[in-house]
There are 2 protein chains.
Amino acid sequence: MAQTRFIGGLAKAAGVRVATIRFYERKGLLPAPPRRASGYRIYGEETLQRLRFIQRAKTLGFSLREIQELLALRAVSGRTCLDVRERATHKIQDVEGKIRQLRHFRRALQLLVAQCEAGGTQGDCPILDALDHFRALSVRTARAGSPVR
Amino acid sequence: MAQTRFIGGLAKAAGVRVATIRFYERKGLLPAPPRRASGYRIYGEETLQRLRFIQRAKTLGFSLREIQELLALRAVSGRTCLDVRERATHKIQDVEGKIRQLRHFRRALQLLVAQCEAGGTQGDCPILDALDHFRALSVRTARAGSPVR
DNA sequence: ATAAACCCTGTACATTAGTATCGAGTCAAG
DNA sequence: CTTGACTCGATACTAATGTACAGGGTTTAT
């Protein structure tokens, strides 16, 4: 049985503002919901799920435009399957790149912590340039750069 | 031997605009570099590395403010080691959360592709609600939500 | 020593992602 | 059937993250 509620209840459940929900609707991130005779928007559970999806994707560095594209993968109308597959495959590459970066990132931070612990719980840490290690690890896409002038 | 260059060369090497570099300097993401007598900024290799770090962190969903915090982990002056360790540990949690989310995300996208392939290269895909699967997987933080009204 | 290409500061403009406010209408609990 | 909380659309404002001049000085290859 679908929960139904007005915009305020949905906003509270999702932890966003009412204005944000209307904003997302205008932007096409949320479908125009059914309305009461009065014009009040009526939401079911699925909109809450979609809002949570949007929130998560945002913290992962996707822009609203990208999130819209991701959501559009579901709405197959008018798109061929091949098209969807291509887009999804491309997104997977994207996601895997992010995962890789984050792993390097984590490793660097762990090194930082390890160096701290090695230095003892008080007194000076060594230079703590573990983040340089991160840099060294993840600069694979490095281009040549302009020469000295 | 450190490469040195003016702001334009650095911008080109990092793939950002000159104005962006000056913007980051104003924001404290890049240190104020040494200058020529003329006032021209002079950059070494380390600034390029830092710029690349910033770019990567941005695509991973960190705001400039958060990136500043991450960079501050390196600048140990005035901070105790314990403090740094705590902050780094917290960041690691953060990063791991993101990795987890991205993995769910990827799984959902892979499911989507698989469903597409099962449906053949042409004709209609099934409903393709693999992203619902993603939702089901990743809604662990779900709160009760307001009741019907 | 000159001209193209570059840099300086300061300020204004743009885009993304919301937030806030207003006046008027609606809901629902007592 | 009133009253406080909610909703509506429209519009304007904000913060974060850049971008684009304008007017004037600098570098450097030739």
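Every chain is numbered from 1 and lettered A, B, ... according to where its sequence line falls, protein lines coming before strand lines.
At a threshold of 4.0 Å, the pair A:R106-B:E96 counts as salt-bridged, since one of the basic side-chain nitrogens sits closer than that to a carboxylate oxygen. By the 4.0 Å N-to-carboxylate-O rule, A:E45 lies close enough to A:R5 to be salt-bridged with it.
Side-chain N/O atoms of A:R22 include one lying less than 4.0 angstrom from OP1 or OP2 on D:dC8. For the OP1/OP2 pair of C:dC8 and a distance below 4.0 Å, the side-chain nitrogens and oxygens of B:S38 include no atom meeting the criterion. Considering only side-chain N and O atoms, B:K58 lies under 4.0 angstrom from the phosphate OP1 or OP2 of D:dG18. Within the structure, a side-chain polar atom (N or O) of B:R35 is placed less than 4.0 Å from OP1 or OP2 of C:dT9. For the OP1/OP2 pair of D:dG25 and a distance below 4.0 Å, the side-chain nitrogens and oxygens of B:R36 include no atom meeting the criterion. Remark: B:T20 is in phosphate contact with D:dT19, judged by side-chain N or O atoms under 4.0 Å from OP1 or OP2. Checking the phosphate oxygens (OP1, OP2) of C:dG18, a side-chain nitrogen or oxygen of A:Y24 falls inside 4.0 Å.
Rounded to an integer number of Å, the gap from NZ of A:K12 to P of D:dT7 is 10 Å. A:R17 places its CZ atom 14 Å from the P atom of D:dC6, with the value rounded to the nearest Å. The nearest whole Å value for the distance from the CD atom in B:E25 to the C1' atom in D:dT17 is 17 Å. With rounding to whole Å, A:I67 atom CD1 is found 8 Å from C:dG18 atom P. Note: CG (A:L30) to C1' (C:dG18) measures 14 Å, nearest angstrom. Atoms CD1 (A:I42) and P (C:dT26) sit 15 Å apart, rounded to a whole Å. Counting to the nearest Å, the P atom of D:dC13 and the CZ atom of A:F23 are 18 Å from each other. The interatomic distance linking B:I7 (CD1) with D:dT19 (P) rounds to 13 Å, in whole Å.
With hydrogens and angles ignored, the 3.5 Å screen pairs no side-chain donor or acceptor of B:Q3 with any backbone N or O of B:Y43.
Place A:V18 and B:S63 on DNA chain D by their nearest nucleotides, and A:V18 ends up nearer the 5' end. Along DNA chain C, the nucleotide closest to A:A37 and the one closest to A:A19 are compared, and the more 5′ of them pairs with A:A19.
Between B:F6 and B:Y40, the angle of the ring planes goes over 60°, which puts this pair in the perpendicular group of the 30/60° scheme.
No hydrogens or angles were tested; on distance alone, a donor-acceptor pair under 3.5 Å links the side chain of A:Y40 to the base of D:dC6.
A cation-pi arrangement is present between A:K98 and A:F62 under the rule of less than 6.0 angstrom and at most 45 degrees off the ring axis.
Contact annotation for A:R41: backbone-only contact, meaning every heavy-atom pair under 4.0 Å involves sugar-phosphate atoms and none involves a base.
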